[in-house]
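Excluded from the calculations below are hydrogen atoms, water molecules and symmetry mates; all remaining heavy atoms, backbone and side chain alike, are included. Values in this document were obtained by computation on a predicted structure and should not be read as measured data. All chains are named by letter (A, B, ...) in the order of the sequence lines, taking the proteins before the strands, and each is independently numbered beginning at 1.
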Amino acid sequence: MKLTKDFYLDQDVTNIAKHLLGKVLVTRLDDKLTSGIIVETEAYCGRTDRASHAFPNKVTGRTQTMFKEGGLAYIYFVYGMHHLFNVVTNLVGQPDAVLIRSVEPTQGVKWMKKRRRMDRVDRFLTGGPARLTQALGISVNFNGISLLGDQIWIEEGYQPSSNLIMVSTRVGVDYAGTDAQLPWRYFLKENPFVSKGL
DNA sequence: GAGTAGATCGGCT
DNA sequence: GCCGATCTACTCG
């Protein structure tokens, strides 16, 4: 069951970041189906949050995707080599997004191993924002495409009980001043595919 | 296990 | 010109 448009239109991006835990991210490329359960996310609010590329509601070539209606993929390139995948949320003109930081592999493990050039199934396969995009074959080519289509989408999974949902500050956003202290990272307790503890 | 350097390039000032 | 929503390989111990 693919998530529908209305899921992505919630105006509180932290709600969506929380609710994405336990859902399943799926890609289909060249008939290779790969998927994983979302176990770690971070919320970014472009209007108020200095950690967001779109702060403060700044439209540029890179950020324009985030200003569109919720339900699209926002993918950007960093450190000269990594592609990071985000879910665009909220209404048109509100540049909010959720970074997907880790998934737990489910389908297509064979393809994921091949894309990652490794032969184990542990957090090094799909834990970490750049690792999961590589494992699922996501690149900037997918920037701006719909999450309701047939190349990349998110499905219903399970609803984690609230005592398993952990909250912390976000990773790698020290440049954001006091906004670096916001508790906008969510992850599943003791899940071995989460990128780092806390 | 912890700590650190190096890779590598698009976006923005 | 600087630096990044990161990862890997390598060191030391």
Worksheet item: Does the side chain of A/T89 pick up a donor-acceptor pair with the side chain of A/D96 at under 3.5 Å?
Response: no
Discussion item. Side-chain N or O of A/T60 versus OP1/OP2 of B/dC12: is the shortest distance under 4.0 Å?
Written reply: yes
Worksheet item: Atom CZ of A/F55 and atom P of B/dT13: how far apart are they, to the nearest Å?
Response: 13 Å
Worksheet item: Do we get A/R170 above A/Y44's six-membered ring, with its NZ or CZ under 6.0 Å from the centre and within 45° of the axis?
Response: yes
Discussion item. Stacking between A/Y44 and C/dA5, defined as ring centres under 5.5 angstrom apart with planes under 30°, is that present or not?
Written reply: yes
Discussion item. Taking the side chain as everything from C-beta on, heavy atoms only, tell me whether A/H53 gets closer than 4.5 Å to A/N86.
Written reply: no
Worksheet item: Can you find a side chain N or O atom of A/R116 that sits less than 4.0 Å from OP1 or OP2 on C/dC7?
Response: no
Item to complete: Look at A/R185 together with A/E40 and state whether they make a salt bridge at an N to O cut-off of under 4.0 Å.
Response: yes
Response to the item:
From CD of A/E40 across to P of C/dA5 the rounded distance in Å is 16 Å
Discussion item. I'd like the P distance from B/dG3 over to C/dA5, given in whole Å.
Written reply: 23 Å
Worksheet entry | DNA chain C: 5'-proximal contact among A/M118 and A/R62 (nearest heavy atom) | A/R62
Worksheet item: For C/dA5, does OP1 or OP2 lie under 4.0 Å from any side-chain N or O of A/H53?
Response: yes
Worksheet item: How are the rings of A/H82 and A/Y79 set to each other: parallel, tilted or perpendicular (split at 30° and 60°)?
Response: perpendicular
Discussion item. Can you tell me which residue among A/Y76, A/F77, A/F142 is in a side chain to side chain contact (heavy atoms under 4.5 Å, CB included) with A/H83?
Written reply: A/F77
Fill in: Nearest listed nucleotide, side chain of A/M81, among B/dT8, C/dC7, B/dC12
B/dT8
Worksheet, complete the sentence: A/Y76 OH to C/dA5 C1', in whole Å, measures 3 Å
Worksheet item: Contact class for A/A130 (heavy atom, under 4.0 Å): base, sugar-phosphate, or nothing?
Response: sugar-phosphate
Worksheet item: Using a cut-off of less than 4.0 Å, is there contact between a side-chain N or O of A/R131 and OP1 or OP2 of C/dT8?
Response: yes
Item to complete: Could you tell me which nucleotide pairs with C/dC2 by Watson-Crick or G-U wobble geometry, both distances under 3.5 Å, or answer none if nothing does?
Response: B/dG11
Worksheet item: Given atom CD1 of A/I138 and atom C1' of C/dA5, what is their separation to the nearest angstrom?
Response: 15 Å
Worksheet item: Can you check the A/R123 CZ to C/dT6 C1' distance for me, whole Å?
Response: 13 Å
Worksheet entry | Interatomic distance where CD1 belongs to A/I75 and P belongs to B/dG10 [whole Å] | 17 Å
Item to complete: Quickly work out the A/F77 CZ to B/dC12 P distance and round it to whole Å.
Response: 14 Å
Discussion item. If you compare every side-chain N and O of A/K58 against the phosphate oxygens of B/dT13 (OP1, OP2), does one of them come in below 4.0 Å?
Written reply: yes
Discussion item. Heavy atoms only, 4.0 Å cut-off, all strands: where does A/L84 land among base, sugar-phosphate and nothing?
Written reply: sugar-phosphate
Worksheet item: In whole Å, what is the span from the CZ atom of A/R170 to the P atom of C/dG4?
Response: 15 Å
Worksheet entry | OP1 or OP2 of B/dG10 under 4.0 Å from side-chain N/O of A/Y79 | no
Item to complete: Could you tell me which nucleotide pairs with B/dT4 by Watson-Crick or G-U wobble geometry, both distances under 3.5 Å, or answer none if nothing does?
Response: C/dA9
Worksheet item: Looking only at side-chain N and O atoms, does A/R50 come under 4.0 Å of OP1 or OP2 in C/dA5?
Response: no
